[in-house]
Amino acid sequence: MEFFIYRDNKQQGPYTPEQLAGMGITSETLVWSEGMEQWTPAWQVTELKDVLAGKVQARPVPPPIPPQAGQQEESGQPQDTTDGQPAAPEHYAAQPTDRRHRHTVIWLAVAAVMFFALLMTCPDEAKHRDAVNREVMEAVRNEMGRPDTGSETIDLLGGMFGQAIASQLVDAIVGQFMEVDNYFIFSVGTLHYEGKSKTVSFGVLGHVFTFDSQDIRKAVDNESPLPGTMAI
């Protein structure tokens, strides 16, 4: 009894059990022989159990006869090597490629979702100005609450009315000296003052983080039309 095998992504054979014993087939090697309905792993074929167990001695196999030069070109027809056997299971070879393709598609989808989320939640200029305004006004409120400020202007502008005026002042001055650059997935607020440029805010995912607020407060103090109103 002779068997065809499917190995190295192609159909090979037919081979006798003695020949298969010398080819190093495994229990998972797909085989087919006349009378079998489909390709089957070798361990399920009774005639090959001794081959897999090493009980069959390998028999030397003669080398294949080389084809005559130009024989196939002269006929103009491709050689048919199936001899009526069922087609080799190409899906076995395609599975690793399909798995890598699915992983690539998944990662691309995740990256696209993350990029879209960052794009849609990138803070705009108004959010940067609000964040910087809150940072400076928090310091101003804390200073107004100190009993030893020694500033008559602060006392005059104390309370909710004074804070409202201070907030408008801060917002106007920040808007004058601050510039916000949008990089699609994040944004950066830069303060241009006294010939220098300093990054004072960073925005991503709908949040704005502020830093170097001392520079902002310095600009507010110098540009305020009411001396001492913002002095800290």
Side-chain angles (χ1 to χ4, degrees), residues 93-232:
Q95 282 182 353
T97 302
D98 292 343
R99 189 177 299 111
R100 289 193 297 268
H101 179 71
R102 286 196 298 270
H103 289 171
T104 301
V105 171
I106 291 174
W107 279 113
L108 288 176
V110 171
V113 171
M114 292 179 62
F115 179 83
F116 183 75
L118 289 169
L119 180 65
M120 297 303 295
T121 57
C122 181
D124 57 11
E125 180 178 356
K127 288 188 176 181
H128 279 263
R129 291 179 57 178
D130 288 344
V132 173
N133 190 318
R134 285 196 302 270
E135 178 80 12
V136 178
M137 283 306 303
E138 183 65 25
V140 171
R141 292 190 187 97
N142 293 338
E143 187 66 18
M144 285 181 175
R146 290 171 50 188
D148 57 343
T149 57
S151 174
E152 296 179 359
T153 308
I154 290 179
D155 294 337
L156 180 64
L157 296 178
M160 296 299 296
F161 179 71
Q163 292 183 17
I165 294 178
S167 178
Q168 293 179 1
L169 259 174
V170 171
D171 186 63
I173 296 173
V174 168
Q176 178 181 356
F177 290 94
M178 183 176 175
E179 179 179 306
V180 177
D181 295 313
N182 192 317
Y183 296 95
F184 299 104
I185 60 176
F186 66 90
S187 51
V188 176
T190 305
L191 183 69
H192 302 284
Y193 181 69
E194 293 183 345
K196 301 179 180 179
S197 297
K198 288 190 175 182
T199 300
V200 294
S201 60
F202 177 82
V204 66
L205 288 174
H207 298 280
V208 176
F209 305 92
T210 59
F211 33 90
D212 289 342
S213 59
Q214 292 294 338
D215 293 304
I216 306 174
R217 289 158 59 183
K218 182 179 178 182
V220 170
D221 291 342
N222 291 348
E223 296 300 323
S224 173
L226 298 176
T229 300
M230 301 296 168
I232 295 178

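Predicted, not measured: the structure shown is a model, and the values here were computed from it.
The aromatic rings of H207 and F209 sit tilted relative to each other, their planes meeting at an angle between 30° and 60°.
In this structure, F116 CZ and I185 CD1 are separated by 14.0 Å, a value rounded to the nearest 0.5 Å. Remark: L108 CG to H103 NE2 distance equals 13.0 Å, nearest 0.5 Å. Atom OG in S197 sits 8.0 Å away from atom CG in L191 (nearest 0.5 Å). Taken from OG1 in T190 to NZ in K196, the straight-line distance is 15.5 Å, to the nearest 0.5 Å.
Judged by distance alone, the side chain of S201 and the main-chain N or O of V208 form no donor-acceptor pair under 3.5 Å. Listed for the D130 side chain is no donor-acceptor partner under 3.5 Å among the backbone atoms of N133.
Remark: H192 NE2 is packed, more than 12 non-hydrogen atoms of other residues, nucleotides or ligands lying under 6.0 Å away.
Annotation for M178 and V180: closest pair CE-CG2, 4.1 Å, computed over non-hydrogen atoms. Listed here is the closest heavy atom pair of L205 and L118: CD2-CD2, 3.5 Å. Residue E179 comes nearest to D181 through the heavy atom pair OE2-OD1, 3.4 Å, listed as atom of the first residue, atom of the second, then distance.
With sequence neighbours left out, N182 forms a side-chain contact (heavy atoms from CB on, under 4.5 Å) with C122.
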